[in-house]
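See structure below.
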Amino acid sequence: MATESHSKRHDSLQSICYKRGSLQLLDQRKLPLETLFLEIKGADDGWHAIRDMVVRGAPAIAIAAALSLAVEVSNLEGFIGTSDDAASFLNRKLDYLITSRPTAVNLSDAATKLKAVISNAATSAFEAMSVFQAYVEAAEDMLKEDVAANKAIGLDGASFLRSHIKGSKSLSILTHCNTGSLATAGYGTALGVIRAVHAEGILLRAYCTETRPFNQGSRLTAFELVHDNIPATLIADSAAAALMQAGRVDAVIVGADRVAANGDTANKIGTYSLALCAKHHGIPFFVAAPLTSIDLTLSSGQEIVIEERSPKELLYTRGGLGEQVAASGICVWNPAFDVTPADLIAGIITEKGVITKAGNVFDIKDFIHNATSHCCK
């Protein structure tokens with residue numbers, strides 16, 4: 001079971017603190033009023049930390065899951081079995097971790113890649129520990145790669161906005177939910193773009209929605225923006241349309257939990273509403289996400305499984321952790337995500353560049369093919 005740590009040696013914006021054999025996750029349910037880290041000792045702790053929203057954000061979920069198992073096998077003593085037994089052990093644990101939150105594709109994508117590493121190691125190794133070692137090293141590589149990808153997304157997004165938006169010397173950007181350092185291994189996706197725009201001196205103001213019912217925007221995004229001294233304003237979710245109508249938004253940038261092959265995007269509930277408002281007011285709406293968030297096996301967003309959260313998140317304050325505010329006996333519908341159709345999205349900002357439309361249609365498969373072919377040459 002995860003244990004608490006009030007250690008002061010961590011950067012408050014580093015949600016994942018890892019060294020081989022040890023993993024601590026920042027309990028984001030406590031922010032911004034308390035900085036508390038939970039010690040994660042294995043896959044079971046990792047599953048509960050993800051399911052209970054100690055850690056959230058599609059990239060961070062994948063990394064936390066992979067590292068929770070890495071910590072477990074790093075500290076595993078007396079494992080009796082062959083390399084094939086070790087592979088079976090790891091694969092079962094990964095399958096279990098995937099069930100923690102099914103909508104975010106990054107988690108299943110990471111598991112698929114790690115299973116390939118496990119399979120290759122089991123084929124060539126004679127000892128179980130060699131398979132475990134290969135897994136740990138692969139999980140650690142994912143941590144490093146996520147930070148690098150996020151920084152590339154930020155730079156690509158800032159460059160694209162600077163060259164494609166009129167009056168880009170002074171931009172006001174609206175974002176939703178939390179897509180920063182707390183939702184990734186570091187820097188962020190949509191919030192990473194805002195960070196990069198600010199670093200270039202062309203950000204007038206960032207606007208963040210409160211993002212009910214779990215308030216990731218008011219608790220987490222606002223926390224990051226204040227921490228980084230980025231000019232920012234918090235708004236109620238229901239104020240976004242009025243803000244756009246007042247001419248105070250130049251672009252909307254959000255993250256993604258899963259992007260289908262046609263560009264339909266699942267993201268935090270309320271994203272679809274923002275996209276519709278942006279379309280009405282002629283404001284470009286962008287998705288910022290690593291390629292690992294793209295699921296080419298799904299032809300459209302209709303195939304994306306949408307997680308439904310506990311009614312308590314609406315019935316009680318603090319995302320279900322506080323006092324009751326709704327009438328007892330009322331029925332609740334609480335989807336965690338909605339799907340924004342591709343025709344409302346102007347571009348998808350990735351670590352390999354910005355995916356734009358040709359004839360009002362995204363060709364994501366071709367983009368990924370060209371991007372990955374280029375990097376392999």
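The model shown is predicted, which means the values in this text are computed figures rather than measured ones.
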Same apolar cluster (I L V M F W Y, side chains within < 4.5 Å links), L25/Y96: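 Same cluster.
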Residue of the set I283, I253, I235 for which side-chain contact (heavy atoms from CB on, under 4.5 Å) holds with L174: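 Result: among I283, I253, I235, I235 is the only option passing the side-chain contact (heavy atoms from CB on, under 4.5 Å) with L174.
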Option among D109, T189, T184 that satisfies the side-chain contact (heavy atoms from CB on, under 4.5 Å) test with P290: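 Among D109, T189, T184, the one that satisfies the side-chain contact (heavy atoms from CB on, under 4.5 Å) with P290 is T189.
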E307 and R51 ion-paired at < 4.0 Å: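 Here E307 pairs with R51 in a salt bridge, since their nearest N and O are under 4.0 Å apart.
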Among R56, Q28, Q216, side chain to side chain donor-acceptor pair (under 3.5 Å) partner for N178: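 Testing N178 for a side chain to side chain donor-acceptor pair (under 3.5 Å) against R56, Q28, Q216 leaves exactly one candidate, R56.
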Within 6.0 Å of CZ in R29, more than 12 heavy atoms from elsewhere: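 More than 12 heavy atoms, drawn from other residues, nucleotides or ligands, come within 6.0 Å of this atom.
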Y272 atom OH, over 12 foreign heavy atoms within 6.0 Å: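 It does not: Y272 OH has 12 such atoms or fewer within range.
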Side chains of W47 and T99, donor plus acceptor under 3.5 Å: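 Checked: W47/T99 side chains pair up, N/O donor to acceptor below 3.5 Å.
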Short side-chain donor-acceptor distance under 3.5 Å, N262 and S300: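 No, N262 and S300 have no side-chain donor paired with an acceptor closer than 3.5 Å.
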Criterion side-chain hydrogen bond (donor to acceptor under 3.5 Å, both in side chains) on T82 and D85, from CA distance to verdict: CA-CA 5 Å; T82 65; D85 293 329; 3.3 Å; yes
Parallel, tilted or perpendicular: rings of F223 and H227 (30°, 60°):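 H227 vs F223 ring planes: tilted.
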Side-chain (T112) to main-chain (S108) donor-acceptor, under 3.5 angstrom: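 The answer is yes, because a donor-acceptor pair under 3.5 Å joins these two groups.
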